[in-house]
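All ligand and atom numbering here is 1-based and tracks the order in the structure. Fair warning: this is a prediction, and the values are worked out from it, not measured in the lab. Count residues from 1 along the sequence.
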Amino acid sequence: MLKLSKILLVWLLFVSSFGQAMGYAPQFTDDSQTLRLRWKTNSIPIAISTSLTKPNPYITPDADIKGAIERSLATWEKSADIKFEVAWTEKQTVSPSGKSGDGTSLLTIAQTPENLLLFGSDAQEVSARTRIFFNRKGNITEADIVLNPYEQFSTDGSTGTFDLEATLTHEIGHLLGLEHTSVMGATMHAHTGKNGVYNLPSFGARTLAEDDVAGIRALYGAKNADDNCCGTINGKLTMLNGKPAKNFQVWAEETASGRVAAGVLSNADGSFQIEGLSGGRYKIYTQSGGKIAAKSYSVEKLGEVEVIKGRTQNIVKKLSGGKKNFDLQYVGFNGQISELAVPINGGKSYLIYVGGKNLKAENLIIGFNSPYLKVTPKSLTDQNYGDDISVVSFEVKVAAEILFGEYSFFLKTVNDESQFAVGSLTVEPFVNPWSSYFLSLNE
Ligand SMILES: [Zn+2]
């Protein structure tokens with residue numbers, strides 16, 4: 001019997017009052033969620049502590065530290081109308097929590113008492129933390145990032161370390177005002193892994209998902225006027241009994257490619273808003289999401305819309321409330337199951353694992369909306385991971401011409417109960433060599 005390898009290393013939530021993980025989401029000043037956080041101007045200061053560049057035990061000796069910092073900043077800069085003002089500083093310690101900081105937005109890895117306070121009992125599971133200061137108008141006035149000095153970072157995929165560039169790219173998303181997203185495979189997803197999860201480097205968060213790009217453009221606008229950005233989809237979902245459908249996952253896929261464009265969670269009143277979308281055709285879906293009882297609702301298609309730059313489309317829908325009797329909770333690869341998306345490459349085949357409740361191969365069909373992904377017929381197989389979780393596996397064939405980005409698969413029963421793993425397969429520029437096609441050739 002194989003044992004469940006549960007790999008749930010968490011990017012720590014950086015401000016405790018923002019405990020709820022939204023969809024791709026801005027941060028708000030308070031729970032009423034009326035005022036979202038962003039920097040007042042598009043010019044954003046960041047001061048890099050010399051604790052990063054001086055020899056230290058927290059970063060592997062040959063790491064490309066400056067390159068990792070520069071690339072993580074540039075990744076966000078090229079996706080939205082923002083510019084970083086980078087300075088270097090001898091400062092080591094972040095501002096203590098309070099109403100306002102010292103005015104310096106610091107990136108540091110120094111093991112000072114104040115920095116260590118950010119890593120309490122969960123020091124072994126967190127790669128970094130970001131603390132935001134903002135004023136009553138919702139303008140961010142300072143954002144300090146501390147890389148966890150109890151951990152080790154690298155830039156070459158060394159097993160057991162965190163990837164420095166991926167970690168920084170995620171934390172800079174927080175610094176800019178973004179919260180965690182429900183789209184697996186996105187840089188702003190709440191979970192990460194150390195290098196070695198799935199026997200692969202954890203480079204995925206180095207590159208932004210379309211969901212991350214939509215999120216940052218919703219706050220700051222597109223970089224260039226000719227980016228065909230941005231349009232908005234607004235909506236309101238109710239249950240059959242008229243009550244608001246709250247905490248439902250709502251996501252948009254590019255109709256032609258099936259790539260995930262953006263995902264959000266519906267608010268307490270059932271409303272949702274997907275901003276920052278490029279012009280084009282999208283299919284919109286919903287299913288139960290978050291941590292509430294609504295977990296058991298099946299997928300419903302909300303429609304297909306043409307997003308047009310500068311315009312807002314509206315979707316008002318009463319959900320039929322169809323239930324499902326299974327739950328897809330984890331994906332996996334190389335025998336490991338986690339909440340981390342599986343990186344794949346075009347032109348190869350991979351054996352993908354799916355974990356959850358009541359998953360039985362004989363009752364299920366696996367499918368994709370993307371024309372670039374196909375399931376190998378009859379490859380859906382039960383796997384034994386013990387009594388606490390049911391696991392099935394299938395082989396996916398990835399077309400050579402697939403675009404970089406996040407894709408979903410769905411599970412469906414003969415009764416039409418269905419659930420998507422939104423953005424759980426991520427087509428990445430780095431190589432995943434564990435192609436089942438090549439493995440079978442070598443047998
Ligand atoms: Zn985070």
I'd like to check the side chain to side chain contact (heavy atoms under 4.5 Å, CB included) partners of L117; sequence neighbours left out, ordered by chain and number. E114
Using only N, O or S atoms, tell me which atom of H174 is closest to the Zn ion (ligand 1). NE2
Taking side-chain contact (heavy atoms from CB on, under 4.5 Å) as the criterion, tell me which of V264, V250, I284 meets it with I233. I284
Contact list for residues 49-70, test salt bridge (charged side-chain N to carboxylate O under 4.0 Å, His left out), sequence neighbours left out: K54-E90, D64-R71
Which atom name does H170 have for its N/O/S atom nearest to the Zn ion (ligand 1)? NE2
Write the atom name of the N, O or S atom in H180 that is nearest the Zn ion (ligand 1). NE2
Parallel, tilted or perpendicular: which fits the ring planes of F410 and F420, with parallel below 30° and perpendicular above 60°? tilted
